[in-house]
Amino acid sequence: MTDDTSTSDEKKQQQTENKEQHYQRIGAELRRRREAISLEQGDVARQLHLPGMVVNDIESGQVENLSSIYRRGYIRNYARLLELDPDELLADAGEDVPPELKEVLPVSKGSWRLERYLKIATYALVTVAIVPPLVYFFIAGGMRVLERDPASSESREVAGSTQSQLSEVSTSSGVAEVGKPESAPSTAPHVSASALPLNPVRPVREPSPEPASDAGTSSTEAQEAEAGPALSALEVELLEDSWVEIHDAEGTRLEYDLLRSGQKRNYEGQAPFRLLVGRSSAVRLHVNGHSVTWDGHDSGDVAELAVTANGEVQP
């Protein structure tokens, strides 16, 4: 059993080495054809919409860094661009077998059932805690609307009795007047306290005039306060695919993505801008119309820099 396993491992290793050699020959053939028609790797990358690193890996035969799902498609497109036959070029490479799917973090049935029961119990507790109080307050509010307020009825009865007593007193006082019989009705009109003229308790205050101010100065200050600090314009142009991350002086993140070749983006914010560029030679920068250059801008290295409003790079 051990001998069979070692033999199969040796066969797999031999097949892998043969496949690597085939891809190295394919890459060498593509590179010779490209140089023969005077094309650069950057030109190929732009026409195929691929990163320059992928084109370099294909020509050097280091395709193990590429996914087996895409590598043959990349080579076919590259061969068609160079007017080569892709089937003839890939005839010796064989077929790429996709990797087997593996189960990641399997979930046991017991834990799945426990999670389900916990969710059901949570829903039940929330329903019991919320629904009955809502029903109670709804019913109690409706009953209060339908009930008659006893205090208001009592106040109306007291007001009626008081009014009758006042009418009796006014009738008896009419008898005390000279020359009027007891049965004679009183013709004196009833004077209500609300009809008497009353002076206002608090005098009306006249609005005090506001102190004069310099209108021009105040409006200018208001406009400056509303305008805030001046914003700067940042233009980013991509010659190749590259990762770009941009923050302004306030820490606001303006960009955080892999930008494609040929794209041109414009941003506004407070200078200085802080940038992180995945490939320096793939990016061109302009701030307020000023071109930005820095040490190593024509290399393929990662660059981290801060750019002022006049296009200068801070140390």
TODO: Give the ring-plane orientation class for Y70 versus Y74, where under 30° counts as parallel, over 60° as perpendicular and anything between as tilted.
DONE: parallel
- [ ] Might you point out which heavy atoms bring S242 and R279 nearest each other, and give the distance in Å?
- [x] OG-N, 3.1 Å
- [ ] Show your reasoning for whether side chain to side chain contact (heavy atoms under 4.5 Å, CB included) applies to R284 and L239.
- [x] CA-CA 8 Å; R284 294 291 180 269; L239 304 180; 3.5 Å; yes
Open item on the list: So L81 and Q47, do their side chains get closer than 4.5 Å, heavy atoms only?
Closed with: yes
Task: CD (Q263) with more than 12 external heavy atoms under 6.0 Å - done: yes
Open item on the list: Working to the nearest 0.5 angstrom, can you tell me the gap between R31 CZ and R34 CZ?
Closed with: 8.0 Å
Task: Exercise: identify the closest heavy-atom pair between S60 and Q24 - done: O-CG, 4.1 Å
What side-chain donor-acceptor pairs closer than 3.5 Å can you find for residues 303-313, not counting sequence neighbours?
residue: T308; atom: OG1; partner: N310; partner atom: OD1; Å: 2.4
residue: T308; atom: OG1; partner: E312; partner atom: N; Å: 3.2
residue: T308; atom: OG1; partner: E312; partner atom: O; Å: 3.2
residue: N310; atom: OD1; partner: E312; partner atom: N; Å: 3.4

Task: Among D248, L231, L254, the one residue meeting side-chain contact (heavy atoms from CB on, under 4.5 Å) with E268 - done: L231
Open item on the list: Between N77 (side chain only) and G73 (backbone N and O only), is there a donor and an acceptor less than 3.5 Å apart?
Closed with: yes
Open item on the list: So V244 and L276, do their side chains get closer than 4.5 Å, heavy atoms only?
Closed with: no
TODO: May I ask you to say whether R265 pairs ionically with E235, meaning some side-chain N is under 4.0 Å from a carboxylate O?
DONE: no
Open item on the list: Could you see if L238 belongs to whatever hydrophobic cluster contains W243? Use Ile, Leu, Val, Met, Phe, Trp, Tyr and a side-chain cutoff under 4.5 Å.
Closed with: no
Open item on the list: Using only atom types and a distance under 3.5 Å, with no angle test, would you say the side chain of S280 pairs donor to acceptor with the backbone of V302?
Closed with: no
Task: side chain to side chain contact (heavy atoms under 4.5 Å, CB included) partners for A233, two or more places apart - done: N288
Open item on the list: Can you confirm whether L82 sits close enough to L39 that some side-chain heavy atom of one is under 4.5 Å from a side-chain heavy atom of the other?
Closed with: yes
Open item on the list: Testing the basics here: between Y267 and V236, what is the closest heavy-atom pair and its distance to 0.1 Å?
Closed with: CE1-CG2, 3.9 Å
Task: For the student: nearest non-hydrogen atoms of F273 and L275, plus distance - done: O-CD1, 3.8 Å
- [ ] With the side chain counted from C-beta on, respond yes when I26 and Y23 share a heavy-atom pair under 4.5 Å apart, and no when they do not.
- [x] yes
TODO: Please list, chain by chain and in numerical order, all residues satisfying side chain to side chain contact (heavy atoms under 4.5 Å, CB included) with D241, sequence neighbours excluded.
DONE: P51, R260, S261
Task: Stepwise side-chain hydrogen bond (donor to acceptor under 3.5 Å, both in side chains) check, E59 with Q41 - done: CA-CA 10 Å; E59 290 188 355; Q41 285 188 356; 2.9 Å; yes
Open item on the list: Checking the side chain of H297 only, and the main-chain atoms of W294 only, is there a donor and an acceptor separated by less than 3.5 Å?
Closed with: yes
Open item on the list: Between R274 and I246, is there a side-chain heavy-atom distance shorter than 4.5 Å?
Closed with: no
Open item on the list: Please determine whether a side-chain nitrogen of the Lys or Arg among D85 and R80 lies less than 4.0 Å from a carboxylate oxygen of the Asp or Glu.
Closed with: no
